[in-house]
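Computed from heavy atoms alone, side chains included, the values below leave out hydrogens, waters and symmetry copies.
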Number of protein chains: 2
Amino acid sequence: MEPDPSGASPGRVRDREATRQRILDSARELFTSEGYSQVSSRRIAAHAGVNVALINRYFGAKRGLLAEVIAEDAVFPGIVEGDPAALPRRLAEHIATRARGEGTPLQRALERSAADPDLQSVHQERVRAAIIEPLTAVLGGDDARLRASMVTAFVLGLGAVKRVEGATALAGHDPDDLVARLTRIIACCLEPGG
Amino acid sequence: MEPDPSGASPGRVRDREATRQRILDSARELFTSEGYSQVSSRRIAAHAGVNVALINRYFGAKRGLLAEVIAEDAVFPGIVEGDPAALPRRLAEHIATRARGEGTPLQRALERSAADPDLQSVHQERVRAAIIEPLTAVLGGDDARLRASMVTAFVLGLGAVKRVEGATALAGHDPDDLVARLTRIIACCLEPGG
DNA sequence: GGTATAAGTAAACAGTGTTGACTTGTCAAG
DNA sequence: CTTGACAAGTCAACACTGTTTACTTATACC
């Protein structure tokens, strides 16, 4: 079942960086196809043809491995840049696309297990750094952070609902209607003042 | 540290229902003060002065125990009932109150560990049964479910953001402003048509 | 009083992430 | 060419987890 029958013999050359990368690759592959908590450290190590202890040696803990895998993944590739007025539309289209089941395979996989204590704290850092902060910066104004939080809430919540209702809940509608709806709501989240 | 020095002696009377309740009480108490995944089955059992195996005998698994504890907790106590037009306002006020750090102690505790696969799956069932379904029913119309999903997304997402940003992110604003904002966004989520 | 039946228990299972002591390959200096 | 140092890699154990099986024991009925 575990691949890597070749090249993983105990007598391979000792290359720190190559081994590190091999672990990282195995982790990404397994996390992507099976989720985070479903994959044990020992399985990742076996898949990489490497001893379990190396995971902790190179990444501190399983959680560190996850953090590094997630860090490679782009969340909102350059969506906050560009005309702020059209931001709701851009965001809506991006979300609608992801709602149809597309989006990074890793993201899809992690959405399934998006709840581990490990995953959560890593996710928190990422949400703040990759969504809230850029949004706040691009918005400007006293209540920029609050408005950014509202949008972020909606975006994150859609992921949660998708998990509860199944992908069809959002994807089973007319794409244009969905985009229009999302655009309207996001714009509403962004509106300044009480 | 673990209380219950009295009344938990091995020679106590054998009362299935009383024992069940004792486990349930211990679980609620520990979950509330420390979160879900931080409390092990053995600790719950010890606290209840009972053998670990009884947890699985009476609740199937630790997850079942959690489900029963959560089920006792009211999510939206009768908010969907009443005038549908004022629903956004009622919901907004409820959320704003919870945003200030109030809300069930259990809810606050579980929000911290709100990531465990167990907790998540139990939560999913609860979100559907206690939020999405009633909302869908009260809304009516072709896209009732979709509109309910939008509101649910926003509500759940606010919880997630609160976890990321800390409670102050939402609570550190003028209450009236916050309620007005939330009301507007929720109303927007509920609007029919694309 | 004896006995069936349920309540409760002890001990083990199979798994997890993690750690420290150990071995071994590699590469540079003598 | 050999030797020695240091990093890379390994092994076995630790301290847990939730869960199950086989067992003991108290209670209630005949």
Rounded to the nearest 0.5 Å, how far does CG of A:Leu24 lie from CD of A:Glu17?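 Spacing of CD (A:Glu17) from CG (A:Leu24) equals 10.0 Å.
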
When rounded to the nearest 0.5 angstrom, what is the spacing between OG in B:Ser121 and CZ in B:Arg126?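 Result: 13.5 Å between the selected atoms.
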
In whole Å, I'd like the distance from the [atom1] atom of [X] to the [atom2] atom of [N].
| X | N | atom1 | atom2 | value |
| --- | --- | --- | --- | --- |
| B:Ile23 | C:dG8 | CD1 | P | 8 Å |
| A:Arg43 | C:dG15 | CZ | P | 12 Å |
| B:Arg57 | C:dA7 | CZ | P | 7 Å |
| B:Leu54 | D:dA26 | CG | P | 15 Å |
| A:Glu17 | D:dG9 | CD | C1' | 15 Å |
| B:Ile44 | D:dG18 | CD1 | C1' | 11 Å |
| B:Asn51 | C:dA7 | CG | C1' | 11 Å |

Should the pair [X]-[Y] be classified as a salt bridge under the 4.0 Å nitrogen-to-oxygen rule?
| X | Y | answer |
| --- | --- | --- |
| A:Arg90 | A:Glu81 | no |
| B:Glu68 | B:Arg28 | no |
| A:Arg43 | A:Glu34 | yes |
| B:Glu191 | B:Arg147 | no |

With respect to the side chain of [X], which nucleotide from [options] is positioned closest?
| X | options | result |
| --- | --- | --- |
| B:Asn56 | C:dG17, D:dA8, D:dT20 | D:dT20 |
| A:Ala53 | C:dG20, D:dT19, D:dT27 | C:dG20 |
| B:Tyr58 | C:dG8, D:dG18, D:dC11 | C:dG8 |

If you count the non-hydrogen atoms of other residues, nucleotides and ligands that lie under 6.0 Å from CG in A:Asp142, is the total more than 12?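 Counting other residues, nucleotides and ligands, CG of A:Asp142 stays at 12 neighbours or fewer.
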
For nucleotides 1-6 of chain C, print each protein N/O atom paired with a nucleotide N/O atom at under 3.5 Å, atom names and distance only.
none

Test B:Asp143 against A:Arg181 for salt bridge (Lys or Arg N to Asp or Glu O under 4.0 Å), laying out the working first. CA-CA 11 Å; B:Asp143 52 359; A:Arg181 220 181 267 262; 2.9 Å; yes

Inter-axis angle, terminal five-pair segments of the helix from C:dG1-D:dC30 to C:dG30-D:dC1 [nearest 10°]: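 Result, rounded to 10 degrees: 30°.
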
Between A:Ser40 and A:Gly60, which residue's closest nucleotide on DNA chain C lies nearer the 5′ terminus?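 Comparing both residues, the 5'-ward one is A:Ser40.
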
So, does A:Asn51 use its side chain to make a donor-acceptor pair with the main chain of A:Leu54 at under 3.5 Å?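 A pair under 3.5 Å: no.
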
Could you pull out the protein-nucleic contacts involving nucleotides 13-15 of chain D (nitrogen or oxygen on both sides, under 3.5 Å)?
unit_1, atom_1, unit_2, atom_2, d
D:dA13, N6, A:Arg42, NH2, 3.2

What's the shortest heavy-atom distance between A:Val50 and A:Arg22, and which atoms?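 Taking A:Val50 first and A:Arg22 second, the nearest heavy atoms are CG2-CD, 4.3 Å.
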
Taking every non-hydrogen atom, the tightest pair across A:Cys189 and A:Phe154: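 The answer is SG-CB, 4.4 Å.
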
If the cut-off is 4.0 Å, is B:Thr19 near the phosphate of C:dA7, judged by side-chain N/O to OP1 or OP2?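 Negative; the distance criterion is not met.
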
I want to check something: taking the side chain as every heavy atom from C-beta on, are A:Arg89 and A:His94 in contact at a cut-off of under 4.5 Å?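 Contact flag for A:Arg89/A:His94 side chains = no.
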
Using a heavy-atom cut-off of under 4.0 Å over every strand shown, decide if B:Phe59 touches base, sugar-phosphate, or nothing.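 Nothing, no nucleic acid heavy atom in range.
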
